[in-house]
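Notes follow once the structure below has been shown.
Reminder, nothing fancy here: chain letters follow the sequence lines and each chain counts from 1. Owing to the predicted nature of the structure, the values given are computational and were not obtained by experimental measurement.
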Protein chains: 2
Amino acid sequence: MTAELWLTQLHENGYRLTDARRAVVEIVEQSTRALTPVEVYDLARKKYRALGLVTVYRTLEKLEELHLIQRVHQPQGCQAFVSAGHGHQHLLLCQNCGRVEFFDGDDLDALTRYIAQKTGYQINEHWLQLFGLCMDCRKN
Amino acid sequence: MTAELWLTQLHENGYRLTDARRAVVEIVEQSTRALTPVEVYDLARKKYRALGLVTVYRTLEKLEELHLIQRVHQPQGCQAFVSAGHGHQHLLLCQNCGRVEFFDGDDLDALTRYIAQKTGYQINEHWLQLFGLCMDCRKN
DNA sequence: TACACTATTGAAAATGATTTTCAATATCAA
DNA sequence: TTGATATTGAAAATCATTTTCAATAGTGTA
Ligand SMILES: [Mn+2]
Ligand SMILES: [Mn+2]
Ligand SMILES: [Zn+2]
Ligand SMILES: [Zn+2]
């Protein structure tokens with residue numbers, strides 16, 4: 001249902017609504033895994049046969065620009081995307097099935113103050129990511 | 001001086017010591033910034049003119065395999081390498097000059113227990129990275 | 001609804017990064 | 001010193017991403 005919202009966002013930012021974009025948005029928005037451009041291409045082509053891979057790249061670029069999706073960095077590679085988190089959130093990734101969750105509530109203030117003091121750095125931001133096994137994959 | 005140790009490591013693992021490897025090792029080992037393969041190539045060629053870019057890729061691959069270097073993930077890209085940290089350490093990166101430091105002492109046990117409990121995930125590892133401005137760059 | 005403007009498209013070509021192939025050469029254990 | 005072979009750099013191949021371009025489709029306006 002949020003797919004509609006993404007399309008609205010695109011439209012409000014002066015982008016036209018096309019079948020190609022609709023297909024890409026629908027796939028990426030409802031995925032619980034991070035998807036690479038080719039994966040998006042393969043899946044979206046089931047909805048819209050004529051889709052070109054170039055258009056997938058171009059659409060992902062725009063969705064990232066509008067902060068609707070974000071790139072996911074992993075040991076296996078850094079070319080995959082997921083729906084963006086809201087506010088200050090971090091990723092939790094399943095090492096087996098690739099499932100992606102967001103979490104918040106981390107408090108690194110004490111740590112960053114300590115490191116800043118110790119190193120002389122002014123610390124502006126942080127990346128935090130947890131890896132593990134999701135409930136489903138633990139059963140195997 | 002650790003460059004010698006790296007070469008010893010390579011040798012002990014059955015790899016031959018060549019001028020090409022020596023040049024790459026010397027450059028990467030003493031750099032305070034993460035370097036891309038091309039950057040390593042350009043710098044190392046000042047020590048060993050005949051060096052080929054292919055050999056840089058192959059040498060970085062081996063150094064990573066032996067855990068002497070590690071890949072650095074950044075917003076601008078994920079193809080750069082630095083000397084690996086020791087034990088459980090994380091990276092602190094200067095957003096201006098690219099300087100790299102390691103820190104430890106983060107304690108995410110409470111957080112991971114909380115997230116594990118809340119999501120049902122079994123959490124195995126984490127990535128943490130701090131970004132900011134190093135002492136030198138703050139002065140500008 | 002029809003139209004005109006122009007953003008968007010997919011195919012093909014171009015670019016950039018990395019990997020593979022290969023014959024010549026350098027390393028090193030014996 | 002020498003022979004087996006690991007390593008090399010150049011060139012070609014591969015893979016991911018970007019650019020170019022002419023045809024087409026989306027949108028606001030009449
Ligand atoms: Mn945080
Ligand atoms: Mn840690
Ligand atoms: Zn899973
Ligand atoms: Zn700096």
Distance check needed: C:dC28 P versus B:Leu10 CG, whole Å only.
11 Å

Residue from B:Lys46, B:Arg21, B:Lys47 passing salt bridge (Lys or Arg N to Asp or Glu O under 4.0 Å) with B:Glu26
B:Lys47

With the side chain defined as heavy atoms from C-beta on, B:Arg16 is closest, among D:dG28, C:dT8, D:dT7, to D:dT7

Identify which nucleotide among D:dA10, C:dT27, C:dT18 has an atom closest to any side-chain atom of B:Asp19, counting heavy atoms from C-beta outward.
C:dT27

Between atom CD in B:Glu64 and atom P in C:dT18, what is the gap in whole Å?
12 Å

In whole Å, what is the span from the CD atom of A:Glu61 to the P atom of C:dT9?
12 Å

Listed nucleotide nearest any side-chain atom of B:Arg22, set C:dT18, C:dT27, C:dT8
C:dT27

Look at the side chain of A:Arg21 and decide which nucleotide, out of D:dT7, C:dT8, C:dT18, has an atom nearest to it.
C:dT8

May I have the distance from B:Gln76 (atom CD) to C:dG16 (atom C1'), rounded to whole angstrom?
18 Å

A:Thr18 vs C:dA7: side-chain N/O to OP1/OP2 distance below 4.0 Å
no

Do the side chains of A:Trp6 and A:Ile69 get nearer than 4.5 Å, heavy atoms only?
yes

Hey, is the side chain of B:Arg58 pairing donor to acceptor with the base of D:dT7 inside 3.5 Å?
no

Does B:Tyr15 or B:Tyr57 map to a spot on DNA chain C nearer the 5' end, using the closest nucleotide for each?
B:Tyr57

In whole Å, I'd like the distance from the NZ atom of B:Lys62 to the C1' atom of D:dT7.
9 Å

What I'd like to find out is whether the side chain of A:Leu91 reaches to under 4.5 Å of the side chain of A:Leu128, using heavy atoms alone.
no

Give the rounded distance in Å between these two atoms: CG of B:Leu53 and P of C:dT21.
18 Å

Ignoring the backbone of A:His11, work out which of D:dT27, C:dC28, C:dT8 is nearest its side chain.
D:dT27

Between A:Arg99 and A:Glu101, is there a salt bridge with N-O shorter than 4.0 Å?
yes

In whole Å, what is the span from the CG atom of A:Leu51 to the P atom of C:dT8?
15 Å

Between CZ of B:Arg49 and P of D:dA10 the distance, given in whole Å, is 12 Å

If you define the side chain from C-beta out and look only at heavy atoms, does anything of B:Arg33 sit under 4.5 Å from B:Glu39?
yes

Nearest to the side chain of B:Val54 - C:dT18, D:dT17, C:dT20?
C:dT20

Classify A:Tyr41 by what it touches in the nucleic acid, base, sugar-phosphate, or nothing, heavy-atom distance under 4.0 Å.
nothing

